[in-house]
*Asks:* 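Take a look at this one; I'll ask things after.
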Amino acid sequence: MNSIITALGSVESILLFAARVAVALIGGVVVLRCFSSLRNGRRREDPVVVLEDMVTHHVIPVLYWENSIGRSKSCDIVLDDDTVSRAQAVLFRRESGWLVTDTHSKSGTFINGKKVRQNAPVLPGDSIAMGSTALRLKRTADVGGLKPSKRPHRAAASPFSLLFAVTVSQLLLAGQACLAGTKPSILPLIPLGILLFLEWGLYLFSMTVLNRVSFELETIAFFNTGVGILLLSGTGLKNTWVQLAALAAGLMLFCLIIWFLGDLDRAMRWRAAIAVLALLLFAANLVLGKEYNGAKNWIELGPVTVQPSELIKIAFIFVGASTLDRLQTAQNLTGFIAFSAACMGALFLMKDFGTACIFFVTFLIIAFMRSGSVRTIALICAVAGLGALLILKFRPYIAQRFAVWRHVWEYASDTGYQQTRVLSYSASGGLFGVGLGRGSLKSVFAAQSDLVFGMLCEELGLILALISVLSIAGLLLYARSDATRSRSALYSISSCAAAGMLLFQTCLNIFGATDVLPMTGVTLPFISMGGSSMVSVWGLLALLKAGDERTYAARRRKRV
C-alpha cells in the first residue's frame with residue numbers, strides 16, 4: 001500500500017511539474033505571438049494622400065495622420081525652400097477630413113490663396129502655399145507611379161486562438177491551486193470561472209458589438225492578470241474576490257476611456273476639468289487619507305479602501321498629452337509643469353515616494369516627447385536632484401528608510417527580512433517553481449503585493465516570471481514603434497507615457513524586492529494584489545489601446 005501511495009505521489013509531482021512547464025511554454029508563445037501580431041497588423045507605411053509640387057510636379061507622399069511641414073530635417077515633410085520656416089505648418093487628419101494649421105511661421109500658410117488662421121479644412125485639389133512653394137493635395141488613386149511600402153503585409157494572429165491559449169494556461173494554474181492544500185479542493189475553480197467570464201465577455205463584446213479586429217494588448221494583460229489572481233488563490237480565496245471585483249471595474253474603465261478618447265474634440269474639452277478633478281482627489285487624500293506603512297495614501301469608504309494616486313496616474317498622463325493637441329502647435333510646458341509640481345507636492349506630503357518617482361519619470365517622458373529638448377530635460381533633472389538633496393537634509397528620517405539598501409543581509413532578522421526572504425525563496429524556485437500554493441514566501445508580510453515577484457519566481461519559476469516582466473517591457477517598444485501611426489500627438493504621447501509608467505513601476509517593484517534599488521512599496525502591474533492598482537493598470541492599457549489605429553477602424557469604415 002505504501003508503495004502505491006508513493007507511486008501516486010510521484011505521478012502527481014510529475015504532472016504538476018509538467019503543468020508548470022506547459023504554462024511557461026504557453027505564456028512564452030502567447031506573448032511572442034501577440035507582439036508579432038501587433039507588428040504585422042499595423043498599417044503599412046503606404047501614402048495616405050500625396051502633395052504635388054505645382055511647379056515641378058514632384059510628388060511627396062504623406063504617410064502619417066499628423067505631418068509636420070517645414071525646411072527642418074526633423075519634419076515629416078521637408079521642403080527645400082529657404083523662404084519656408086523650419087516648422088511651417090502641420091497637415092493632419094481628423095474625423096471630418098484633412099486640416100492644416102500654421103505653426104506661427106513668419107510668412108504664413110495659405111489655402112487657395114486664403115491665409116490660414118486656425119484649423120483650416122483642405123480638400124483634394126486644393127492648393128497649400130507656404131513661402132515660395134505651392135503644393136496640391138491629391139488622393140493616392142489620382143497619382144500613378146507611387147512606390148508601395150517595402151514591408152510585406154502579414155496577417156495578424158487570430159484573437160480567438162490567442163485567448164484560448166491563455167485560457168488553457170489558466171486552467172493548468174487553477175488545477176495546481178486545487179491540489180495545493182493538504183486536501184484537494186475545487187474552490188479555486190470559482191475565481192477561475194469568474195475570470196474566464198470577464199475575459200471572454202470582453203472578447204465577445206469587442207469583436208461582435210464594437211467590431212474590433214485586434215485583441216493582442218488585452219490578451220497580454222489577461223495572461224498576467226490571470227497569473228496574479230490564480231497565484232493569489234494559492235494563498236486562500238479571500239483576497240481573490242477583491243481582485244476580481246477590481247478587474248471588473250478595470251474593464252469598465254478600459255472601455256470607457258477608449259470610448260472617451262474616440263472623439264478628440266470631446267477629449268480636449270475635458271482636459272481642464274480632469275486636471276482639476278485630479279488635484280481635488282489629491283486634496284481629499286491629504287484631508288481624509290489613512291496612513292499605512294508610513295504613507296498616507298489610502299481613503300476608507302466603509303469596507304472598501306481606495307488609493308486615489310493610482311487613478312490619478314491616468315489623469316496625469318492625459319493632461320500632459322492633451323495640452324499638446326497637434327505637433328509643433330503648443331510647445332509651452334508651463335501649464336503641465338505647474339500641474340506636475342502640484343501632484344509631486346501632494347505625494348511628498350503623503351510620504352508616497354515610490355509613486356512620486358513614477359510620476360516624475362512619466363513627466364520626463366511626456367516633457368521630452370512634447371519639447372524634444374534634451375537641455376530642458378537635463379535642467380528639470382538637475383532641479384529635481386537639488387530638491388531631493390534638500391529633502392534628505394531637512395527630512396533625515398526619509399534617508400533612514402533607505403539605510404538597509406544594499407545591506408539587507410546585515411539586517412536579515414529585522415529591516416532586511418523581506419528582501420532576504422525574497423532572494424532565498426526565489427532562488428529555491430528554480431526555472432519552473434516549486435508549485436502554485438506550495439511556496440514559503442507567501443507567509444511573509446506583503447508577499448502578495450510588494451514582494452509578489454519573489455512569490456512568482458518561487459512558485460511558478462524564473463522563466464514564467466521573466467515572461468511576465470518582458471511582456472510589460474514589450475509594451476514600451478510597441479508604443480514607441482507605433483507612435484508615428486497614431487491619429488494624433490495625444491495618442492502617441494499618452495501611449496508611450498503609459499507604457500513607460502508601467503515599465504518603470506515594474507522595475508521599482510522587482511528591483512526593490514531584490515535589493516537592487518531601495519524598497520519603495522509599489523505594485524507589480526497586473527499581478528500584485530491591490531484593487532486600486534488593478535483598476536489603474538487597465539486604465540493605462542486603454543491609453544495604449546487608443547494609440548493603435550485599428551481600435552477605431554470599424555467606426556471609420558462605417559462613417560465612410
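Nothing fancy with the numbering, it's 1 onward along the sequence. Keep in mind it's a predicted model, so treat the numbers as computed, not measured.
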*Asks:* Taking the side chain as everything from C-beta on, heavy atoms only, tell me whether Ser309 gets closer than 4.5 Å to Leu347.
*Replies:* yes
*Asks:* As an exercise, state the distance from SG of Cys34 to CD1 of Ile220, rounded to the nearest 0.5 Å.
*Replies:*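 If we round to the nearest 0.5 Å, Cys34:SG and Ile220:CD1 are 4.5 Å apart.
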*Asks:* Provide the full list of side chain to side chain donor-acceptor pair (under 3.5 Å) pairs with a residue in residues 521-530, sequence neighbours left out, each pair given once.
*Replies:* Gln505-Thr523, Thr523-Ser533
*Asks:* Show the numbers, then the answer: is there a salt bridge (Lys or Arg N to Asp or Glu O under 4.0 Å) between Glu218 and Lys545?
*Replies:* CA-CA 9 Å; Glu218 296 93 324; Lys545 183 73 174 180; 3.2 Å; yes
*Asks:* Just to verify, what does Ser105 make a side-chain contact (heavy atoms from CB on, under 4.5 Å) with, not counting sequence neighbours?
*Replies:*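 With sequence neighbours excluded, Ser105 shows a side-chain contact (heavy atoms from CB on, under 4.5 Å) to Ser85, Gln88, Asp102, Thr109, given in chain and number order.
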*Asks:* Would you say Val469 and Ile510 make side-chain contact, with heavy atoms under 4.5 Å?
*Replies:*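 Yes - at least one pair of side-chain heavy atoms lies under 4.5 Å apart.
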*Asks:* Who pairs with Phe215 by ring pair (Phe, Tyr, Trp, His ring centres under 6.0 Å), at least two apart in sequence or on another chain?
*Replies:* Tyr203
*Asks:* Taking Thr506 for its side chain and Leu502 for its backbone only, find out whether a donor-acceptor pair lies under 3.5 Å.
*Replies:*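 Yes, because the side chain of Thr506 sits within donor-acceptor range (under 3.5 Å) of the backbone of Leu502.
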*Asks:* To the nearest 0.5 Å, tell me how far Phe254 CZ sits from Leu544 CG.
*Replies:*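 Taking CZ in Phe254 and CG in Leu544, the distance rounds to 9.5 Å.
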*Asks:* Starting from the C-alpha separation in whole Å, work towards a yes-or-no answer on side-chain contact (heavy atoms from CB on, under 4.5 Å) for Leu543 and Ser495.
*Replies:* CA-CA 5 Å; Leu543 300 180; Ser495 62; 5.6 Å; no
*Asks:* So do the side chains of Arg266 and Trp259 get within less than 4.5 Å of each other, counting heavy atoms only?
*Replies:* yes
*Asks:* Verify, without hydrogens or angle tests, whether Asn224 (side chain) and Ile527 (backbone) share a donor-acceptor contact under 3.5 angstrom.
*Replies:* no
*Asks:* How close do Leu198 and Leu244 get, heavy atom to heavy atom, and via which atoms?
*Replies:* CD1-O, 3.9 Å
*Asks:* With a 4.5 Å heavy-atom cut-off, do Leu99 and Arg93 have their side chains touching?
*Replies:*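 Side-chain contact under 4.5 Å: no.
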*Asks:* Indicate yes or no for a side-chain donor-acceptor contact from Arg71 to the backbone of Val84 under 3.5 Å, with no hydrogens or angles considered.
*Replies:* yes
*Asks:* Can Phe318 and Phe260 be said to form a ring-ring contact (aromatic ring centres under 6.0 Å, His included), step by step?
*Replies:* CA-CA 11 Å; Phe318 173 76; Phe260 175 73; 5.8 Å; yes
*Asks:* Under the salt bridge (charged side-chain N to carboxylate O under 4.0 Å, His left out) test, which residues partner Glu199, sequence neighbours left out?
*Replies:*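 In terms of salt bridge (charged side-chain N to carboxylate O under 4.0 Å, His left out), with neighbours along the sequence ignored, Glu199 is linked to no residue.
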*Asks:* Which atoms form the tightest heavy-atom contact between Cys75 and Ile69, and what is the distance?
*Replies:*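 For Cys75 and Ile69, the tightest heavy-atom pair comes out as SG-C, 4.0 Å.
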*Asks:* Looking only at non-hydrogen atoms, find the nearest pair between Leu451 and Ala513 and report the distance.
*Replies:* CD2-CB, 4.1 Å
*Asks:* Quick one: does Tyr491's side chain have a donor or acceptor within less than 3.5 Å of a partner on Leu261's backbone?
*Replies:*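 Pair found, side chain donor or acceptor close to backbone of Leu261.
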*Asks:* Could you walk me through whether Thr305 and Lys290 satisfy the side-chain hydrogen bond (donor to acceptor under 3.5 Å, both in side chains) test, starting with their C-alpha distance in whole Å, then the side-chain angles of each, then the deciding distance to 0.1 Å, before giving a yes or no?
*Replies:* CA-CA 9 Å; Thr305 57; Lys290 302 294 182 180; over 6 Å; no
*Asks:* Which heavy-atom pair separates Leu524 from Asn509 by the least distance, and what is that distance?
*Replies:*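 Result for this residue pair: N-ND2, 3.4 Å.
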*Asks:* Please check if the side chain of Thr225 supplies one atom and the backbone of Ala221 the other of a donor-acceptor pair under 3.5 Å.
*Replies:*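 Present.
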*Asks:* Report all side-chain donor-acceptor pairs from residues 273-285 shorter than 3.5 Å, counting only partners two or more places apart or in another chain.
*Replies:*
{"residue": "Asn285", "atom": "ND2", "partner": "Lys296", "partner atom": "O", "Å": "3.2"}

*Asks:* Please check: side-chain N/O of Ser532 versus main-chain N/O of Gln307, any donor-acceptor pairing under 3.5 Å?
*Replies:* yes
*Asks:* Roughly how far, to the nearest 0.5 Å, is the CG atom of Leu63 from the CG atom of Asp76?
*Replies:*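 If we round to the nearest 0.5 Å, Asp76:CG and Leu63:CG are 8.5 Å apart.
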*Asks:* Is the shortest heavy-atom distance from the side chain of Val227 to the side chain of Phe526 under 4.5 Å?
*Replies:* no
*Asks:* Only one of Thr355, Asp450, Ile358, Val516 passes side-chain contact (heavy atoms from CB on, under 4.5 Å) with Leu508; say which it is.
*Replies:* Ile358
*Asks:* Do Val30 and Ser169 touch side chain to side chain, with heavy atoms closer than 4.5 Å?
*Replies:* no
*Asks:* Might you point out which heavy atoms bring Leu464 and Ala24 nearest each other, and give the distance in Å?
*Replies:*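 For Leu464 and Ala24, the tightest heavy-atom pair comes out as CD1-CA, 4.1 Å.
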*Asks:* Find the distance between CD1 (Ile257) and CD1 (Ile314) and round it off to the nearest 0.5 Å.
*Replies:* 4.5 Å
*Asks:* Is any side-chain heavy atom of Glu216 closer than 4.5 Å to a side-chain heavy atom of Phe35?
*Replies:*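 Glu216 does not reach Phe35 side chain to side chain.
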*Asks:* Which value, rounded to the nearest 0.5 Å, describes the distance between Phe359 atom CZ and Asp352 atom CG?
*Replies:* 9.0 Å
*Asks:* Hey, could you give me the CD/OG1 distance between Glu66 and Thr101, rounded to the nearest 0.5 Å?
*Replies:*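 That separation rounds to 11.0 Å.
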*Asks:* Just by modelled atom types, is the Ser468 backbone N or O under 3.5 Å from a matching donor or acceptor in the Ser471 side chain?
*Replies:* yes
*Asks:* Which heavy atom of Ile366 sits nearest to which heavy atom of Ala497, and what is that distance?
*Replies:*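 Between these two residues, the closest heavy atoms are CG1-CB, 3.7 Å.
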*Asks:* Which is it for Val31 and Leu470 under the side-chain contact (heavy atoms from CB on, under 4.5 Å) test, yes or no, and what are the steps along the way?
*Replies:* CA-CA 9 Å; Val31 170; Leu470 291 175; 5.9 Å; no
*Asks:* So do the side chains of Trp98 and Asn67 get within less than 4.5 Å of each other, counting heavy atoms only?
*Replies:*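 A side-chain contact exists here, since the closest heavy-atom pair is under 4.5 Å.
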*Asks:* Does the pair Ser340 and Phe316 meet the rule for a side-chain contact (heavy atoms from CB on, under 4.5 Å), with working shown?
*Replies:* CA-CA 8 Å; Ser340 302; Phe316 184 80; 3.5 Å; yes
*Asks:* Quick one: which residue pairs count as a salt bridge (Lys or Arg N to Asp or Glu O under 4.0 Å) with a foot in residues 306-318, not counting sequence neighbours?
*Replies:*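 Salt bridge (Lys or Arg N to Asp or Glu O under 4.0 Å) check on residues 306-318 returns Glu310-Lys313.
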*Asks:* Between Phe222 and Leu202, is a side-chain contact (heavy atoms from CB on, under 4.5 Å) present by the stated rule, with each step listed?
*Replies:* CA-CA 11 Å; Phe222 276 129; Leu202 180 63; 3.8 Å; yes
